[in-house]
Amino acid sequence: MRVCVIGTGYVGLVTGACLAHIGHSVICVDNNEEKVKLMKSGQSPIFEPGLSEIMQSAIQSGNIEFTTDISAGVSHGEILFIAVGTPPLPTGESDTRYVEAVARGIGANLDGGYKVIVNKSTVPIGSGDWVRMLVMDGIAEQKTLVTAGGAASQEKLPEYASEFDVVSNPEFLREGSAVYDTFNPDRIVLGGNSPRAIDMMKELYAPIVERNFASDKSLPQVPVLATDLSSAEMIKYAANAFLATKISFINEVANICDRVGADITQVAKGIGLDSRIGSKFLQAGIGWGGSCFPKDVSALVHTADDYGYEAQLLKAAVSVNERQRLIALEKLQQALKILKGKTVGLLGLTFKPDTDDLRDAPALNLIEQLNRLGAKVKAYDPIISQTGMRHGLSGVLVETDAERLADGCDALVLVTEWEQFSNLDYAKMAKLMSHAVMIDGRNFLDPETMVRAGFQYIGVGR
Ligand SMILES: NC(=O)C1=CN([C@@H]2O[C@H](COP(=O)(O)OP(=O)(O)OC[C@H]3O[C@@H](n4cnc5c(N)ncnc54)[C@H](O)[C@@H]3O)[C@@H](O)[C@H]2O)C=CC1
Ligand SMILES: O=C(O)[C@H]1O[C@H](OP(=O)(O)OP(=O)(O)OC[C@H]2O[C@@H](n3ccc(=O)[nH]c3=O)[C@H](O)[C@@H]2O)[C@H](O)[C@@H](O)[C@@H]1O
């Protein structure tokens, strides 16, 4: 099928490349010229395992193209994905200006033929109808432009004005395993009221639904859930809010464990074995971050507020997380007492392993607070240190390896559980430090091994 993906970030580029990989003809549109230039040369502007490989094979097979020209994408695609960012506004609500620009842009470039316009971005509930309206506005603007020169007349909209449908197809991929998740989704949600549009979306995803590209082909077909627009939009927010709340829950229990002397890793195992609870997302630590949990939970709280409903549980999940993001600081103060004049080394900067994404990373709060308290901050991150993607980072000296990081530090904080951190030479690192304190912000390291290496080991809730 012919596909256009507008916005080539973590979601759009992965979606475009994976759809091209399974045989569709894809044009990816982005208004960032630098990115488009890079992608045309076969390079991915983001670090995502497996992405460069499938991009390059799709380029070679001629299944994918990159452009800044939205009109080329819109006329190519029978299915048009909107995959631009929806970052948070200071009020907590979602900033939908990029979606708005793209929806109008699609309308302004529709040139006949039935199109399915797909909201892949996470958008506030009700956005499906709003996008339809904006596309219609775009069509009207197009008509006005055509008649410009004389007085802008309000002529009847062109015949094809109604020849599109809007579908909500929320994305559930995780950064760091985005390609895997796209080929192995737990479910595909399709919200909309047009059977024709839903059928086209089912055809698009058929190879994924039938597990042709899954790592385990013996699994049953991927469930496809067809819903109305608003329910699909709500599923996305509810899923992220549930997962974030689950983490806040385990962090709350971890803090109680700290006080009563229980071990949260054993507690999480014990409750996770209950199939009604499940073992995933019970990893206690320094809180959830990233480009989506914080903004999506806040946006849902904001939506509830708009309807006069106070989402108390979600607000509590957010406030537990805000406190948790500073738990490493508390532990550092307990171990070192005064932080002024001390040097603290951060193992990891990104909000989770296997990504280069620093958006709303707990490391950023830590750097800011440590600086405020007069500590010097150094960091080593397997990706940020090596790719030089240090833009926007201030108040931190980025080291090129873990031993340089340890050298002269009074404490280390493991912020991101990169696999590489499981087999560093910790005994050597401890010797290089002024005080060998290890705050394991992800409960990732083995406490006994750390003690044998010479560290005072402090986990979260253990
Ligand atoms: N990052 C993630 O893991 C996930 C993100 N989402 C949602 O997907 C959406 C996209 O998120 P990301 O991919 O992380 O965003 P991103 O910020 O990485 O990428 C957005 C892209 O859109 C481009 N763009 C902005 N305005 C444009 C325009 N007018 N025309 C063409 N391109 C334009 C930007 O240049 C950028 O490349 C958001 O709504 C997010 O909540 C959903 C699931 C997972
Ligand atoms: O909407 C989105 O953007 C995505 O948000 C999350 O994916 P992602 O943010 O990439 O990463 P997660 O693995 O969910 O981790 C999010 C945060 O929670 C933290 N976390 C996760 C799991 C856990 O047990 N404990 C914990 O503290 C991580 O360290 C990280 O800071 C969801 O898992 C995806 O399904 C969703 O599509």
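Numbering of ligands and ligand atoms starts at 1, following listing order.
The closest side-chain donor-acceptor pair between Trp288 and Ser248 falls under 3.5 angstrom. Looking at Asp446 and Tyr457, their side chains never bring a donor and an acceptor atom within 3.5 Å of each other. Residues Asp381 and Trp418 bring a donor and an acceptor atom of their side chains to less than 3.5 Å of each other. When only modelled atom types and interatomic distance are considered, Asn31 and Tyr98 share no side-chain donor-acceptor pair under 3.5 Å. When only modelled atom types and interatomic distance are considered, Asp69 and Thr67 share no side-chain donor-acceptor pair under 3.5 Å.
Protein heavy atom closest to atom 21 (C) of ligand 2, with residue, atom name and distance, is Ile247 CD1, 3.5 Å. Remark: minimum distance from atom 4 (C) of ligand 1 to any protein heavy atom is reached at Val11 CG2, 3.3 Å. Ranking protein heavy atoms by distance to atom 4 (C) of ligand 2, first place goes to Leu173 O, 3.5 Å.
Electrostatic pairing of Lys352 and Glu175 does not count as a salt bridge here, judged by no charged N lying under 4.0 Å from a carboxylate O. Comment: Arg325 engages Asp360 in a salt bridge, judged by a side-chain N to carboxylate O separation of less than 4.0 angstrom. Taking the charged nitrogens against the carboxylate oxygens, Glu368 and Arg372 have no contact shorter than 4.0 Å, which rules out a salt bridge. The existence of a salt bridge linking Lys331 and Asp258 is confirmed by a sub-4.0 Å separation between a basic side-chain nitrogen and an acidic carboxylate oxygen.
Of the polar atoms of Arg359, at least one N or O is found under 3.5 Å from an N or O of ligand 1, judged by distance alone. Close N/O approach between Tyr10 and ligand 1 is found [any backbone or side-chain N/O within under 3.5 Å]. Backbone and side-chain nitrogen or oxygen atoms of Lys35 are examined, and one is located within less than 3.5 angstrom of a nitrogen or oxygen of ligand 1. On a distance-only criterion, Thr122 and ligand 2 share no N/O pair closer than 3.5 Å. Between Phe351 and ligand 2, at least one pair of N/O atoms sits closer than 3.5 Å. Residue-to-ligand polar distances place Asn240 within reach of ligand 2: an N/O pair is separated by less than 3.5 Å. Of the polar atoms of Glu175, at least one N or O is found under 3.5 Å from an N or O of ligand 1, judged by distance alone. Considering backbone and side-chain N/O atoms, Gln283 comes within less than 3.5 Å of an N/O atom of ligand 2. Residue Thr86 places at least one N or O, backbone or side chain, under 3.5 Å from an N or O of ligand 1. The N/O atoms of Arg442, backbone and side chain alike, include one that comes under 3.5 Å of an N/O atom in ligand 2.
Of the listed options Lys280, Gln324, Arg174, Arg174 places a heavy atom closest to atom 33 (O) of ligand 2. With Asn119, Ile70, Asn31 as candidates, the residue nearest to atom 27 (C) of ligand 1 on a non-hydrogen basis is Asn31. Selection from Phe172, Tyr237, Phe293, Phe281 by nearest heavy atom to atom 35 (O) of ligand 2 gives Phe172. If you check each of Val102, Thr122, Leu13 against atom 7 (C) of ligand 1, the one with the closest non-hydrogen atom is Thr122. Counting only non-hydrogen atoms, the option in Lys352, Arg359, Lys246, Glu417 that gets closest to atom 12 (P) of ligand 2 is Lys352. Closest heavy-atom approach to atom 31 (O) of ligand 2 within the set Gly289, Pro185, Ala178: this belongs to Gly289. Of the options Val29, Val123, Asp30, Thr68, the smallest heavy-atom separation from atom 21 (C) of ligand 1 is shown by Asp30.
Between Phe213 and His21, the two ring planes are perpendicular [angle over 60°; tilted spans 30° to 60°]. Between Tyr426 and Phe455, the ring-plane angle classifies as perpendicular under the 30° and 60° cut-offs.
Contact annotation: for Glu33 versus ligand 1, there are no heavy atoms closer than 4.0 Å. Contact annotation: for Arg174 versus ligand 1, there are no heavy atoms closer than 4.0 Å. The residue Ala178 has no part lying near ligand 1, judged by heavy-atom distances below 4.0 Å. If you look at Ser291 next to ligand 1, the close heavy atoms, those under 4.0 Å, all belong to the side chain.
Every atom of ligand 2 is numbered from 1 in the order shown, and the set under 4.0 Å from a heavy atom of Glu175 is 10 (O). Heavy-atom contacts of Glu171 reach the following atoms of ligand 2: 37 (O) (cutoff under 4.0 Å). Here is the list of ligand 2 atoms found below 4.0 Å of a heavy atom in Cys292: 1 (O), 2 (C), 3 (O), 5 (O). Close contacts of ligand 2 with Lys236, meaning ligand atoms under 4.0 Å from a residue heavy atom, involve 1 (O), 2 (C), 36 (C), 37 (O). Listed by number with element, the atoms of ligand 1 under 4.0 angstrom from any heavy atom of Gly9 are 13 (O), 16 (P), 18 (O), 19 (O), 21 (C), 37 (O). Near Ala83, the atoms of ligand 1 lying under 4.0 angstrom from a non-hydrogen atom of the residue are 10 (C). Per-residue contacts place Lys295 under 4.0 angstrom from the following atoms of ligand 1 (heavy atoms of the residue considered): 40 (C), 41 (O). The atoms of ligand 1 that sit less than 4.0 Å from any heavy atom of Gly7 are 21 (C), 22 (O), 23 (C), 32 (N). For ligand 1, the atoms sitting less than 4.0 Å from at least one non-hydrogen atom of Ile6 are 30 (N), 31 (C), numbered in the order shown with element in parentheses.
Taking 4.5 Å as the limit, some side-chain heavy atom of Gln221 sits within range of a side-chain heavy atom of Glu210. A heavy-atom distance below 4.5 Å is found between the side chains of Asp440 and Arg462.
Of the residues Ile82, Ile188, Asn119, the one that meets the side chain to side chain contact (heavy atoms under 4.5 Å, CB included) test with Asn169 is Ile188.
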>> side chain to side chain donor-acceptor pair (under 3.5 Å), that's the test. Do His302 and Ser94 meet it? Break it down for me.
In response: CA-CA 9 Å; His302 197 276; Ser94 177; over 6 Å; no
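Under a cutoff of 6.0 Å and an axis angle of 45°, Arg359 and Phe351 do not form a cation-pi pair. Under a cutoff of 6.0 Å and an axis angle of 45°, Arg442 and Phe421 do not form a cation-pi pair.
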